[in-house]
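Heads up, the thing below is written out as structure tokens.
This is a predicted model, so every value here is computed, not measured. Just the heavy atoms: all of them, side chains too, but no hydrogens, waters or symmetry mates, feed the values below. Here is the naming used below: chain letters follow the sequence lines, and residue numbers restart at 1 for every chain.
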Number of protein chains: 2
Amino acid sequence: MNNEFDNKLKSRNIKPTAMRELVLKVLTEQMTTISLPELEQKFDRADKATLYRTLKTFEESKLIHSVDDGSGAMKYAICQDSCHCNPEDLHVHFLCTKCKQTSCLSEIPVPEINLPDNFSFESVNMVVKGICSNCKK
Amino acid sequence: MNNEFDNKLKSRNIKPTAMRELVLKVLTEQMTTISLPELEQKFDRADKATLYRTLKTFEESKLIHSVDDGSGAMKYAICQDSCHCNPEDLHVHFLCTKCKQTSCLSEIPVPEINLPDNFSFESVNMVVKGICSNCKK
DNA sequence: AATTTTAATGCAACCGGGTTGCAAAGTTTA
DNA sequence: TAAACTTTGCAACCCGGTTGCATTAAAATT
């Protein structure tokens, strides 16, 4: 096989198996973030453990990033091409309390925080809750 | 019984049972946030469901607030007297990746975010990860 | 191409935090 | 004191996440 997904996987040194291409396809077409259980439902018959490990692999390779939106299930989203998952790539996430969708606000970087003396920064998770524009209509 | 905990509970219209006073005592003495499983361990024999419901009661009464620090377990901390859990009372939380303690950075308010058009704000969760000053020594 | 080596998959089982139903015990009210 | 209501303790369950292990598939080697 030789398509955009295949190439994207290869370029990150991930072996492009059929399963991985399918998962990458779903993640790419997904407008909002998606959880492992939700991902499972996208397939007629797919193993949770395999999907779980696929997501882990993708995350390690910085193909996707994860957000803990407090819903109980970790959410995953495709990283933008320019993303290296460095502090400066971190953006705010938004959880709509109506449609329950969590989306990347990719244009909104997480504000810098001046930590107290002798605290060092590693990363940050910022999730805003409210009503999204779709649900407001 | 008639002590500070008792009074605090009464002032929030929470019936001051023995269990609730003990839990409030633990939460008050606790320097960092605490999870339900951790709270359970503070007692020789206490029922998880009771503690769970106690925390829920306290949270509804805004005696405590909860933080999802991504560790898998929700963390709870006493609210400051001045806190009404309004947006302006929200502060940043810090999870130390070394000692695994999550603490309130009560002095650091969560920065305001300019949401995209037609998004409305309800609340926000912001957790910074890094090394705390204690572990830095 | 056949064999060996390595990696990915599928299945089952498990873990841990959270949550609920329900009966027993404890409180409050009449 | 009796009736009404609340809290507690126990058990069971749910669900997301995670791991061990045998099977299958892919890659490397001969």
**Asked** For nucleotides 24-30 of chain C, read 5' to 3', which letter fits each nucleotide if B means a protein heavy atom sits under 4.0 Å from the base, S means only the sugar-phosphate is that close, and - means neither?
**Response** -------
**Fill in**
Per-nt protein contacts along nucleotides 12-22 of chain C (heavy atom under 4.0 Å; B base, S backbone sugar-phosphate only, - none) come out as B----SBBBBB
**Message:** Is there a side-chain contact between B:F43 and B:L51 in this structure, where contact means two heavy atoms from C-beta onward sitting under 4.5 Å apart?
**Reply:** yes
**Message:** Quick one, B:T17 and B:L9 - any side-chain contact, counting heavy atoms below 4.5 Å?
**Reply:**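 Counting from C-beta outward, B:T17 and B:L9 never come under 4.5 Å.
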**Item:** Ionic contact status for B:E29 with B:K25, cut-off 4.0 Å
**Value:** yes
Please report the distance, rounded to the nearest Å, between [atom1] in [X] and [atom2] in [N].
{"X": "B:E40", "N": "D:dT8", "atom1": "CD", "atom2": "C1'", "value": "14 Å"}
{"X": "B:L22", "N": "D:dG9", "atom1": "CG", "atom2": "P", "value": "10 Å"}
{"X": "B:N13", "N": "D:dT7", "atom1": "CG", "atom2": "P", "value": "12 Å"}
{"X": "B:F43", "N": "D:dG9", "atom1": "CZ", "atom2": "C1'", "value": "15 Å"}
{"X": "A:L51", "N": "D:dG16", "atom1": "CG", "atom2": "P", "value": "13 Å"}
{"X": "B:I14", "N": "D:dT7", "atom1": "CD1", "atom2": "P", "value": "10 Å"}
{"X": "A:L9", "N": "D:dA26", "atom1": "CG", "atom2": "P", "value": "14 Å"}
{"X": "B:E60", "N": "D:dT7", "atom1": "CD", "atom2": "C1'", "value": "14 Å"}

**For B:K129, all residues meeting salt bridge (Lys or Arg N to Asp or Glu O under 4.0 Å), sequence neighbours excluded** =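 By the salt bridge (Lys or Arg N to Asp or Glu O under 4.0 Å) rule, B:K129 matches no residue at all.
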**Minimum-distance pair of heavy atoms, taken over all atoms of B:H91 and B:L105** = CB-O, 3.5 Å
**Message:** Testing the basics here: between B:C135 and B:I131, what is the closest heavy-atom pair and its distance to 0.1 Å?
**Reply:** CB-CG2, 3.7 Å
**Asked** So if you build clusters from Ile, Leu, Val, Met, Phe, Trp, Tyr with side-chain heavy-atom gaps below 4.5 Å, do B:F58 and B:V67 land together?
**Response**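 No; tracing contacts between hydrophobic side chains, which count when under 4.5 Å, never links both residues.
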**Message:** Please tell me whether A:H84 and A:H65 form a close aromatic pair, meaning their ring centres lie under 6.0 Å apart.
**Reply:** no
**Asked** Does OP1 or OP2 of C:dA8 have a side-chain N or O of A:T54 closer than 4.0 Å?
**Response**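 For A:T54, the contact criterion (side-chain N or O under 4.0 Å from OP1 or OP2 of C:dA8) is not met.
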**Message:** Under 4.0 Å, heavy atoms only, any strand: does B:T50 hit a base, just the sugar-phosphate, or nothing?
**Reply:**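 Base: the residue B:T50, judged by heavy atoms under 4.0 Å, touches a nucleobase.
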**Asked** Looking only at atom types and distance, does a side-chain atom of B:R12 sit under 3.5 Å from a main-chain N or O of B:K62, one as donor and one as acceptor?
**Response**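 Looks like yes, one N/O pair under 3.5 Å.
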